[in-house]
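Inspection log for the structure reproduced underneath, given as structure tokens.
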Amino acid sequence: MAQGKGMACLHGGDAPIIYAKNNRRKIIQSLCRKWEKEYLCTRSVGYEAARNTDFVAVGCTVLIRELNIIRAMTYTIERVATLIGAHRYGNRDANIGFLLTDSRSLCFAEETLFFALKTDRNDGQHFIGDLYRRGVFNFVVEHLPDNYDTLYPDVNFLKVVNPLGALQRLAERHRDEFDIPVVGITGSNGKTMVKEWLYQLLSPQMVVTRSPRSYNSQIGVPLSVWLMNELTQIGVFEAGISMPGEMASLRSIIQPTIGVLTGIGTAHQENFASMEEKCSEKLKLFHDSEAVIYNADDDLIARCMEQSGYKGRRMGWSQKDRNAPLFVKTIEKKENTTTVTYVYNGKEGQYSIPFIDSASVVNSITCMAVSLYLGLSADDLDRRMQRLEPVAMRLEVKTGQHGCTLINDSYNSDVKSLDIALDFMNRRPDHKGRRHTLILSDIYQSGESPRELYREVSTLVQGRGVEKFIGIGPEISAQSDEIKVREKFFFESVDSFISSEVFRSLRDEVILLKGSRSFGFDLLTELLAQKVHETILEVNLNAVVDNLNHYRSFMKPTTKLVCMIKADGYGAGAVEIAKTLQDHRVDYLAVAVADEGVTLRKNGITSNIMIMNPEMTAFKTMFDYDLEPEVYSFRLLEALIKAAEKEGVAGFPVHVKLDTGMHRLGFDPNKDIDRLIARMQHQNAVIPRSVFSHFVGSDSDSFDEFSARQFALFDEGSRKLQAAFPHKILRHIDNSAGIEHFPERQLDMCRLGLGLYGIDSRNNHIINNVCTLKTTILQLRHVPAGDTVGYSRKGVIDRDSVIAAIPIGYADGLNRRLGNRRCYCLVGGKRAEYVGNICMDVTMIDVTGIDCKEGDSVEIFGDHLPVTVLSDALDTIPYEVLTCISNRVKRVYFQD
């Protein structure tokens, strides 16, 4: 590693770290003298040797409190233009502190620089006008807007060839300002867990800037690195790739001094010729790193490391090779803990973690390697490993009591993640008039003085529209005057808050819970959440987005998309699914009946909504709530026209359905099209917005000939309808299976149904699992051979068995036909067959030979047990299983 001006040293105990850069050396020297020592540890000493250097470390917090000179870094607009090589149009003075790529996340307009990124689905230039009206005056663009000098007379436009490249270049130049350790993490899985655990292990001594959540893409990485400021003592950043050639730009931005490869899996494998190609692409992140940490027992990784020509220190850890730089001697798992014994630099050490799953153990070993290399003592490592907390990489959205919505982010507490959580809350289209409430605990290890820290918090909450602020903890309470929110309350502890009138008065609010686990926020979440039984349906909103993007990857950028969320979003919950899809700018949402559409409108959904089965009694409701009905018969059309004329409605959009072979609903393209055109041309109450039909068998190659006949019928009829009107009428026939199987038939729009929920109907495989149905073991009992279990004595026990009762039954949606050992659930990852008849509220399962106890989790279907296993056992389709989940089963939503 090259010698530099900066320094970062770890010392025994929990002493903080000193960090000096450029002309700050004198400042730190003067502070060191206060401690009667003046030893400065430079990088030339090395991280490990630093641990043994006799010096006293002066914490960054002391530096700030005594000198009060460190502020967040900003750049003048002139300097930004120079750094990214832009031609500047406009002469407005500006200091840039915030970078924006998504107009929905705007907070601090005056100091914001917006990068107008162009994607397959959108163009950031379209949002310039809106952002200008909201107070943004600095833009990076590829093309100047028409009449920019008159429309935007006081705006700075920085014109570049490629705005994304400019964003990355700016982050790269910002990274150059820091001569500190930076950990770059890549791999197929475990990146976020390792990053967050490194933060927990290092932050007691260091000011750590890390990637927010999973900001690891070509856009996320530069936005993460931009968060580094003059307080930062170490950076920890993720880098994720999905295509060959992507890592080079991320390497230039992160410039890691220490590299971490967590592992190589099958994610995004479709874009790489081989696993070796993907592994080699990931290793490019570490080309100039001082050291790389990896699993040397992984043959693929070891082989690629040898072929990479890497010149730095190879910190491969191994459970097999005693001569490895880090030898993992033993891994001992107990009931709730795992103890790892290791040998590093010839010295044996040991630590324990409060987890027993294999992924956590491997991730802890990776974190151990990084921490030891940075100089953390074995004693400190053990003490902090024991305090590791589970990492929730997703925001949880829960239904709360008394009409509240809970956004639970009580897994970490720092200013950067607070801003992201506030942005998430602010963008939710909930009921108008619902207050946005923040419950926040003391924030630890910020590196700032309490006064400056909570001033920053106050600025954030004001910018994000928080109307009620509840602070919990002695430090935040002491800084109550710094929180400039009209309605604010402060409590020393969670217990004092729970016993207060403020807690009892929470009603009809969107509540963000953001606090440290040490304050007991898990209890707070439990008390505020709506009380239901122990069976829950977890809905992964990130998987919904991944599935959406999976199908979009097969579509032309100009093709629109309508997403089906009927039957309460196929059981997943239409409101939350709709909010996610609206956030990702789908063109249409489709529900079955008007009441479903009304529910969406009342929950803030403004997207176009199509009603697939309109009821004639609901026409006025559709007019009132802008719900666009399907029309499939002359009787329905006449009734709709009459109702619209009675209400004084004109030009109301409708969607014309043609029957090309399903023979369910629709106009006949051969017999009805001329009459349909004539009727619609001789009125102005409704207007055709789209014309569509359904493929009968796009999920099977055996029906391709029939599908071709269907398309020919539709093509002729729809073209005739299109030609009869001067406006654009959208044509669509491809469903989820057709999007991929018939790309030439995508036309103007496609309809995404089951595929959105992660099931590929062509092969019955899971794309990205969205829904996980879980319950818990209520009771365990030993049942001797010869006895029976359940109603009608259907569950005959042929051996001495252990039977568990779980609180789920056919009233929850667990089909009775799965009972009597026709199917199984998972307990501890192992199969547990359903025994006897499934009851209304309780089911019995055979857990003989499975290590489990009362209260353990049971997976009915989900990430490890595909829902298709259940549908196959029932000889049905996954739709039926998903849509049968009862509303009494609590839905819990996750969001990165």
Side-chain angles (χ1 to χ4, degrees), residues 121 552 555-564 585-591 597 607-614 619 622-623 626-645 649-662 664-695 698 707 709-735 738-739 742-753:
R121 293 283 156 188
R552 276 179 164 171
M555 296 168 56
K556 300 189 293 284
T558 55
T559 304
K560 298 181 182 296
L561 191 63
V562 53
C563 289
M564 314 300 292
R585 299 187 175 95
V586 300
D587 302 281
Y588 265 93
L589 303 174
V591 296
S607 299
N608 294 321
I609 298 176
M610 190 184 302
I611 307 299
M612 306 301 287
N613 300 104
F619 289 152
M622 288 185 276
F623 300 147
D626 293 322
L627 307 174
E628 305 174 19
E630 164 190 315
V631 291
Y632 51 80
S633 70
F634 289 108
R635 175 174 173 266
L636 175 62
L637 177 61
E638 291 296 342
L640 181 60
I641 292 172
K642 183 177 180 180
E645 291 174 341
V649 173
F652 196 76
V654 299
H655 302 269
V656 177
K657 185 173 188 177
L658 303 183
D659 176 18
T660 59
M662 179 76 77
R664 186 173 61 181
L665 296 171
F667 294 100
D668 188 321
N670 292 320
K671 300 177 181 178
D672 296 336
I673 200 71
D674 291 331
R675 179 185 168 192
L676 175 64
I677 290 171
R679 182 63 187 101
M680 297 196 79
Q681 284 179 333
H682 289 85
Q683 56 82 46
N684 62 2
V686 300
I687 184 172
R689 179 67 183 103
S690 81
V691 55
F692 69 102
S693 188
H694 282 285
F695 278 127
S698 57
S707 295
R709 292 201 299 270
Q710 275 195 279
F711 182 75
L713 272 175
F714 175 73
D715 191 44
E716 181 180 358
S718 61
R719 285 185 184 277
K720 196 169 186 178
L721 182 67
Q722 260 191 342
F725 294 87
H727 68 279
K728 174 74 170 179
I729 299 176
L730 302 173
R731 299 195 304 154
H732 49 110
I733 189 171
D734 266 354
N735 53 5
I739 290 172
F742 301 130
E744 73 282 1
R745 297 169 184 169
Q746 291 177 2
L747 307 178
D748 302 304
M749 188 158 69
C750 298
R751 297 188 306 279
L752 184 56

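Basis for what follows: all heavy atoms, side chains included, without hydrogens, waters or symmetry-related copies.
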In this structure, CZ of F667 is separated from CZ of R675 (nearest 0.5 Å) by 8.5 Å
ask   = Going through the checks in order, is the side chain to side chain contact (heavy atoms under 4.5 Å, CB included) test met by R731 and F714?
value = CA-CA 9 Å; R731 299 195 304 154; F714 175 73; 4.2 Å; yes
- Task: Measure from NZ or CZ of R679 to the centre of the six-membered ring of F634, then state whether that distance is under 6.0 Å and the direction lies within 45° of the axis.
- Result: no
request  = Report the C-alpha distance between F695 and F742 in whole Å, list the side-chain angles of each, state the deciding distance to 0.1 Å, and finish with yes or no for ring pair (Phe, Tyr, Trp, His ring centres under 6.0 Å).
outcome  = CA-CA 11 Å; F695 278 127; F742 301 130; 5.1 Å; yes
Problem set entry | Heavy-atom donor-acceptor pair, H655 side chain to M612 backbone, under 3.5 Å | no
TODO: Look only at the side chain of D626 and the backbone of E628, and say whether a donor-acceptor pair between them is shorter than 3.5 Å.
DONE: no
> More than 12 foreign heavy atoms under 6.0 Å from NE2 of H682: is that the case here?
Replying inline: no
d(T660 OG1, R709 CZ) to nearest 0.5 Å is 11.0 Å
In terms of heavy-atom contacts, Q681 and A724 come closest through NE2-O, 2.9 Å
For M564 and G753 the tightest heavy-atom approach is CG-CA, 3.8 Å
All heavy atoms of L665 vs all of K657, minimum pair found to be O-CE, 3.7 Å
dist D668:CG -> L713:CG (nearest 0.5 Å) comes out at 8.0 Å
Heavy-atom closest pair (V591 atom, G597 atom, distance to 0.1 Å) is CG2-N, 3.8 Å
Output for pair (I641 CD1, F619 CZ), nearest 0.5 Å, gives 10.0 Å
- Heavy-atom donor-acceptor pair, S693 side chain to L658 backbone, under 3.5 Å: yes
Next on the checklist: Between E638 and R635 (side chain of the first, backbone of the second, donor and acceptor by atom type, cut-off under 3.5 Å), is there such a pair?
Outcome noted: no
Exercise for review: State, with a plain yes or no, whether a side-chain heavy atom of F711 is found less than 4.5 Å away from one of L747.
Suggested key: yes
Note to self: Side chains of V586 and R552, heavy atoms from C-beta outward: is any pair under 4.5 Å?
What the structure shows: yes
task = State whether the number of non-hydrogen atoms from other residues, nucleotides or ligands found under 6.0 Å of K642 atom NZ is greater than 12.
result = no
d(C563 SG, L589 CG) to nearest 0.5 Å is 7.0 Å
- request: Taking the side chain as every heavy atom from C-beta outward, state whether P688 and Q722 have any atom pair closer than 4.5 Å.
  value: no
Closest heavy-atom pair, I729 versus D748, reported as atoms and distance to 0.1 Å, is O-OD2, 3.9 Å
- Message: I'd like to know whether the aromatic ring centres of H732 and Y588 sit less than 6.0 Å apart in this structure.
- Response: no
- prompt: Quick one: does E630's side chain have a donor or acceptor within less than 3.5 Å of a partner on M610's backbone?
  reply: no
Closest non-hydrogen atoms of S698 and S707, given as atom of the first, atom of the second and distance, are N-OG, 4.3 Å
Quick check: does any side chain N or O of D587 sit under 3.5 Å from a backbone N or O of L561, one acting as donor and the other as acceptor?
-> yes
To the nearest 0.5 Å, atom CG of N608 lies from atom CZ of R689 at 7.5 Å
Note to self: Contact between M680 and V686 at the side-chain level, heavy atoms closer than 4.5 Å - yes or no?
What the structure shows: yes
Side-chain (Q746) to main-chain (T559) donor-acceptor, under 3.5 angstrom | no
Quiz prompt | Test item: F623 and L640 side chains (from C-beta on) under 4.5 Å apart, heavy atoms | solution = yes
Q. Between R745 and D715, is a salt bridge (Lys or Arg N to Asp or Glu O under 4.0 Å) present by the stated rule, with each step listed?
A. CA-CA 9 Å; R745 297 169 184 169; D715 191 44; over 6 Å; no
